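Written below as structure tokens is the structure these notes are about.
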Protein chains: 2
Amino acid sequence: MSVTIKDIARQAGVSHTTVSRALNDSPLINEETKDRIRTLATKMDYTPNFSAKSLVLDRSYNLGLFFTTLSQGTSAGFFYEAIRGVNNVIQDRYQLIVKGIDDYTSFHSITRKSFDGIIVVSQSDDDQPFIDHATDKGIPLVVLNRPIDTPGVLNVISDEEQGAFLAVSYLIEQGHQRIALVEGRAGFKSAQNRKKGFERAMLHNRLTVNSNYRFPGLYDLESGHKAMQHFLTLAERPTAVFCCNDEMALGAMKAISEAGMLVPRDVSIIGFDNTVYAAYVTPALTTVHRPIEQISKEGATRLISNIENKQHETEQVLLKTELVVRESVRSLLNG
Amino acid sequence: MSVTIKDIARQAGVSHTTVSRALNDSPLINEETKDRIRTLATKMDYTPNFSAKSLVLDRSYNLGLFFTTLSQGTSAGFFYEAIRGVNNVIQDRYQLIVKGIDDYTSFHSITRKSFDGIIVVSQSDDDQPFIDHATDKGIPLVVLNRPIDTPGVLNVISDEEQGAFLAVSYLIEQGHQRIALVEGRAGFKSAQNRKKGFERAMLHNRLTVNSNYRFPGLYDLESGHKAMQHFLTLAERPTAVFCCNDEMALGAMKAISEAGMLVPRDVSIIGFDNTVYAAYVTPALTTVHRPIEQISKEGATRLISNIENKQHETEQVLLKTELVVRESVRSLLNG
DNA sequence: ATGACTATTGTTAACGTGTGCATTCCGTGC
DNA sequence: GCACGGAATGCACACGTTAACAATAGTCAT
């Protein structure tokens with residue numbers, strides 16, 4: 001059917017070995033023959049058979065991009081930016097295969113043969129068995145977005161604890177003291193770190209956290225909505241709420257306006273993630289920007305470098321987050 | 001390194017052919033030997049080498065999921081739903097390879113060998129050369145989301161013209177007559193169809209469209225914002241605006257509130273796509289739901305059926321859209 | 001008992017590419 | 001003139017799997 005190096009060899013009057021070497025730019029082959037063969041190859045519209053290459057070279061040309069889950073809980077924007085970032089650096093050297101870890105009942109089929117490298121965009125501790133499996137099998141690996149304890153694994157993350165600290169410190173600077181927290185999805189490391197940053201900022205300013213001022217969330221709009229409804233029933237309402245992501249912040253804003261109140265006049269809201277929508281909500285949401293696309297670019301670049309140089313760098317890379325001030329926080333300072 | 005069928009054969013005292021047949025459940029092999037070999041295989045932790053299979057069976061086990069672009073203009077929610085839908089039906093039979101068409105300078109490397117089938121999530125006429133290439137190469141193909149003229153191509157789309165008709169008819173039912181249109185990105189078929197639905201609904205109700213009441217858009221927040229700013233400068237403002245997607249509708253709402261006005265009191269807004277955020281904006285956005293996930297499921301299912309049954313169904317499947325009524329449209333009827 | 005037929009297993013080649021080891025040719029130094 | 005070395009190419013096999021064909025043993029009808 002399709003043209004192979006043997007076809008080219010026949011046409012060129014050489015052996016298929018020579019063709020193979022010529023197309024791989026081997027120094028063994030005369031420059032003129034190389035040229036002749038190369039032009040002949042393009043003229044004959046030759047495409048290498050990657051299955052055959054894979055078989056003999058023991059490389060799959062596949063990079064796996066694994067998310068904790070595809071079917072639930074991953075925000076669309078997050079997902080999109082991660083794929084963009086990775087896609088951007090792999091170009092045509094690899095095929096990008098997108099998977100959800102929770103699609104697997106057994107990791108048996110995940111081997112060195114099927115993936116030259118794996119990028120895990122991790123959102124939960126539940127990914128650990130998968131990460132261990134990949135490490136055991138000796139597959140080059142990078143874990144993004146969630147800090148990893150396992151030594152010997154490349155890890156690129158944003159400093160979320162610092163981001164939350166930044167956000168809450170900002171609230172305090174603006175004069176807020178009764179600050180509430182809508183937590184992230186239980187089990188997600190990001191939820192823990194953002195909470196930690198919140199607590200550190202409070203402690204650092206010698207503020208105590210009312211236990212009524214914490215509410216569990218699921219990172220979705222609905223749980224932010226519910227949390228805010230709860231806060232609004234309290235006799236002494238918080239003046240500001242730190243939501244562990246933007247979606248929940250939007251839900252909270254919704255609840256506030258449903259109660260006939262206004263953001264930020266009655267309650268200040270701050271989010272996390274800097275979703276595209278954050279800028280266009282009314283009022284525009286003050287939030288923390290997390291450089292997902294940059295994380296995934298950085299991760300993919302380092303992974304590929306590890307693969308191609310057969311090295312095994314295992315650094316942990318921390319990328320800084322930054323506060324994006326918009327309109328959803330009111331200053332309580334009388335000036 | 002890893003265990004092959006020959007290793008199993010040696011252990012079992014049979015030929016590697018027998019092992020191959022046993023693992024593929026060939027009727028030629030005695031049931032007992034099959035069992036013996038199968039248990040031995042799992043005990044030895046055997047995983048088939050897909051490169052070898054691919055080479056001899058002439059199948060890649062790859063499905064390509066191609067978007068018009070990954071780097072610009074695709075909405076995150078859209079992207080996410082499409083991948084989810086496809087991923088949902090392919091399970092572990094295929095690897096899902098995600099690509100942007102605009103990443104390619106040449107389609108040369110896209111062949112039958114590298115993809116068993118291709119799903120194009122098409123958002124622009126510019127995809128046509130790619131679609132033609134895939135058709136030429138004889139790669140099983142399905143085009144989602146954009147109507148295709150090319151005969152002989154499987155095509156699954158939502159009826160967007162009907163959706164727009166639905167939306168605008170609803171506005172008219174609520175008593176609106178001065179209805180403006182924020183158009184979609186030029187060149188995108190969806191933009192044309194939504195506009196067509198708009199026009200048909202107007203015509204059907206014998207309403208004329210003021211040429212000041214049309215404004216080009218890019219499907220992003222900013223252009224909706226700009227369009228609305230324009231409409232607000234008009235002496236005779238529209239009472240309702242049909243935005244060709246939700247993002248632009250959000251932008252428009254933003255512009256309205258910036259001008260000190262309220263939705264829907266002063267201007268009614270209706271969107272298209274039913275983004276996750278539409279429900280949680282204030283006021284919640286009335287919009288048209290487009291079943292992206294269902295489209296991609298349907299498309300993937302039919303493509304796989306075509307591949308595996310070696311048939312060549314080329315139907316065009318139209319899935320209905322539906323109006324989701326929320327709070328962003330005011331009734332002008334005095335009741 | 002012999003031929004045909006079935007059930008089960010083995011032999012061998014094939015898929016397309018890369019590579020270790022020969023082979024050939026040519027120039028160079030003695 | 002001959003050995004040596006380097007440059008260029010070819011031969012033959014390997015990678016792991018499937019499949020056409022061959023082979024063997026057993027069964028059954030004549």
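None of the values given here were measured: they were computed from a predicted structure. The chains referred to below are lettered A, B, ... by the order of the sequence lines, with proteins before strands, and numbering in each begins at 1.
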Between [X] ([atom1]) and [N] ([atom2]), how many Å, whole number?
X        : N      : atom1 : atom2 : value
B:Lys113 : C:dC15 : NZ    : P     : 10 Å
A:Arg59  : C:dG18 : CZ    : P     : 12 Å
B:Asp25  : D:dA19 : CG    : P     : 14 Å
A:Leu28  : C:dA22 : CG    : P     : 16 Å
B:Glu31  : C:dA7  : CD    : C1'   : 13 Å
B:Asp58  : C:dG16 : CG    : P     : 8 Å
A:Asn30  : D:dG6  : CG    : P     : 18 Å

Taking OP1 and OP2 of C:dT17, is either one under 4.0 Å from a side-chain nitrogen or oxygen of A:Asn49? no
Below 4.0 Å: OP1/OP2 of D:dT18 and any side-chain N or O of B:Lys53: yes
Side chain of B:Leu55 only, heavy atoms from C-beta on: which candidate in C:dT9, D:dT18, C:dC15 is closest? C:dC15
Are the side chain of [X] and the backbone of [Y] linked by a donor-acceptor contact shorter than 3.5 Å?
X        : Y        : result
B:Asp159 : B:Lys320 : no
A:Ser71  : B:Asn88  : no
B:Ser20  : B:His16  : no

With [X] via side chain to side chain donor-acceptor pair (under 3.5 Å) - residues at least two apart:
X        : answer
B:Lys99  : none
A:Glu298 : A:Arg302
A:Ser26  : none

Contact class for B:Leu57 (heavy atom, under 4.0 Å): base, sugar-phosphate, or nothing? sugar-phosphate
What contact category does A:Ser54 fall into here, base, sugar-phosphate, or nothing, at under 4.0 angstrom with non-hydrogen atoms? nothing
Strictly below 4.0 Å, heavy-atom distances to any atom of DNA chain D: list the hits from residues 5-24 of chain B, or just say none. B:Ile5, B:Lys6, B:His16, B:Thr17, B:Ser20, B:Arg21, B:Asn24
Contacts to DNA chain D from residues 37-48 of chain A, heavy-atom cutoff under 4.0 Å, which residues? none
Electrostatic pair A:Arg112-A:Asp58, nearest N-O below 4.0 angstrom: no
Is B:Lys34 salt-bridged to B:Glu31, cutoff N-O under 4.0 Å? yes
Which pairs would a plain distance check flag for residues 127-142 of chain B, meaning a side-chain donor or acceptor within less than 3.5 Å of a matching protein atom at least two apart in sequence or in another chain?
| unit_1 | atom_1 | unit_2 | atom_2 | d |
| --- | --- | --- | --- | --- |
| B:Asp127 | OD1 | B:Thr68 | OG1 | 3.4 |
| B:Asp127 | OD2 | B:Thr68 | OG1 | 2.8 |
| B:Asp127 | OD2 | B:Ser122 | OG | 2.5 |
| B:Asp127 | OD2 | B:Gln123 | N | 3.3 |
| B:Gln128 | OE1 | B:Arg146 | NH2 | 3.4 |
| B:Gln128 | NE2 | B:Asp132 | OD1 | 3.2 |
| B:Gln128 | NE2 | B:Thr150 | OG1 | 3.0 |
| B:His133 | NE2 | B:Phe107 | O | 3.0 |
| B:His133 | NE2 | B:Ile110 | O | 3.0 |
| B:Thr135 | OG1 | B:Ile131 | O | 2.6 |

